[in-house]
There are 2 protein chains.
Amino acid sequence: MDFSSDSARDLPATEITAALERLTRLFLRLAPRGELSLTAVSVLSLLGRSGPRRLTDLAAGEGVTQPAMTQLVSRLQEAGLAERAGDPEDGRVVLVHVTDAGRTALAERSAARAALLSELLSQLAEAELDGLVAALPAIDSLTSLMPDERPATVRAS
Amino acid sequence: MDFSSDSARDLPATEITAALERLTRLFLRLAPRGELSLTAVSVLSLLGRSGPRRLTDLAAGEGVTQPAMTQLVSRLQEAGLAERAGDPEDGRVVLVHVTDAGRTALAERSAARAALLSELLSQLAEAELDGLVAALPAIDSLTSLMPDERPATVRAS
DNA sequence: TATTGTTATACTCTATAACTATA
DNA sequence: TATAGTTATAGAGTATAACAATA
């Protein structure tokens, strides 16, 4: 094998960007109406994995403003998916917990999404699917490289 | 090589779904504020590639309602990125054109995105980058499999 | 009548600015 | 004073329903 030429390193990021853009659009349109927003999913998922978090930390981690997180948590709370609790060590702090209903909703959503995507994946050629699997490590790395502090406005269409 | 076992076909779609979901979120947060929405980009891109289109066709193709497309085109027009023109053959029809400013804005946005992503890609190991490139055909197929008629509400966080 | 597009209205999610409460 | 969080208000983008104009 020749490791010195034709490296992927030489490929313009433009191609990958374009592909990711189409993929993002596909993924957003895959969502049935009335579902949890991507930020909501991300928050519930984090709370489920790592336990209660401060509202400010959640806002910073998700790249949204503190008021936006206040409102998201309020919506989650009204839906019974999360709860606010005080911090005994600091009266100003709000600790956000995921509820059992929140865990259930998250699991159901994941299953539904996987089913939808599964249907699409089943239409891929074997080689294409292998390619997708080969990309998983890169996706893991990329997403862990994501800076937390970017306060980007997320617009979805 | 063994093509009969350990096929990617056997992998749970759950893993791929989760990875693509994280990737989508990363990509959405990569966007500087005040940018064009994904639908706007998709519309301008289509108009640039294939020429003027009817408003109804654009709405169907983007999976949004006709009123939503009316409003998007109005915003694009106010921003000078697109224009409305009548169809001499059918007085009811509005043909949407991209302007030179629209082409420019699209090109600049693509370049900016590619630059941001490039920075992240440069931090990947060679093998990871190769894996990402290997996934491009699958992403192309997936996005072309996307049904046009899904009227999903697009929520981005 | 059917089709094309717009207007009216409401909802979700976001932002910035101003505010309250605690440290 | 500084920090944590909320409230107030506005804007983008979407939907459904009702409408106008043309075929």
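Here is the naming used below: chain letters follow the sequence lines, and residue numbers restart at 1 for every chain. Fair warning: this is a prediction, and the values are worked out from it, not measured in the lab.
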* Asked: Hey, does the side chain of A:T70 reach the backbone of A:Q66 with a donor-acceptor pair shorter than 3.5 angstrom?
  -> yes

* With distance as the sole test, does A:E119 use its side chain to make a donor-acceptor pair with the main-chain N or O of A:L116 at under 3.5 Å? -> no

* Ignoring the backbone of B:Q66, work out which of D:dA4, D:dA15, C:dG5 is nearest its side chain. => C:dG5

* Do the side chain of B:R109 and the main chain of B:T104 share a donor and acceptor less than 3.5 angstrom apart? -> no

* Asked: Within the side chain of A:T99, is there an N or O that forms a donor-acceptor pair under 3.5 Å with the backbone of A:L81?
  -> yes

* **Protein proximity profile, nucleotides 17-23 of chain D - base contact B, sugar-phosphate-only contact S, no contact -, cut-off 4.0 Å on heavy atoms** => B----BS

* Relative to the 5' end of DNA chain C, which residue comes earlier, B:R54 or B:Q71, by the nucleotide with the nearest heavy atom? -> B:R54

* Structure fact -> Picking from D:dG5, C:dC13, C:dG5, the nucleotide nearest the side-chain atoms of A:S37 would be C:dC13

* Taking side chain as C-beta onward, heavy atoms only, is A:R92 less than 4.5 Å from A:D87? -> no

* **Shared hydrophobic cluster, A:L95 / A:L47 (ILVMFWY, side-chain heavy atoms < 4.5 Å)** => no

* Asked: Can a side chain N or O of A:R75 be found less than 4.0 Å away from OP1 or OP2 on C:dT12?
  -> no

* Structure fact -> Atom CD of A:E35 and atom C1' of C:dC13 are separated, to the nearest Å, by 16 Å

* **Distance, rounded to the nearest Å, where B:E78 contributes CD and D:dG11 contributes P** => 13 Å

* To do: Could you tell me the separation between the CD atom of B:E62 and the C1' atom of D:dA15, rounded to a whole number of Å?
  => 17 Å

* Whole-Å distance separating the CE atom of A:M69 from the C1' atom of C:dT16 -> 17 Å

* Asked: OP1 or OP2 of D:dT6 less than 4.0 angstrom from a side-chain nitrogen or oxygen of A:T70, does that happen here?
  -> yes

* To do: Would you kindly give the CG-to-C1' distance between A:L36 and C:dC13, to the nearest whole Å?
  => 13 Å

* **Whole-Å distance separating the CZ atom of A:R53 from the P atom of D:dA4** => 15 Å

* Residue-phosphate contact under 4.0 Å: A:R84 side-chain N/O, D:dT6 OP1/OP2 -> yes

* To do: Would you kindly give the CG-to-P distance between A:L55 and C:dT22, to the nearest whole Å?
  => 16 Å

* Figure out the CG/C1' separation between A:D87 and C:dA23, and round it to whole Å. => 12 Å

* Asked: Do any pairs count as a salt bridge (Lys or Arg N to Asp or Glu O under 4.0 Å) and have a residue in residues 131-141 of chain B, sequence neighbours left out, and if so which ones?
  -> A:R22-B:D140

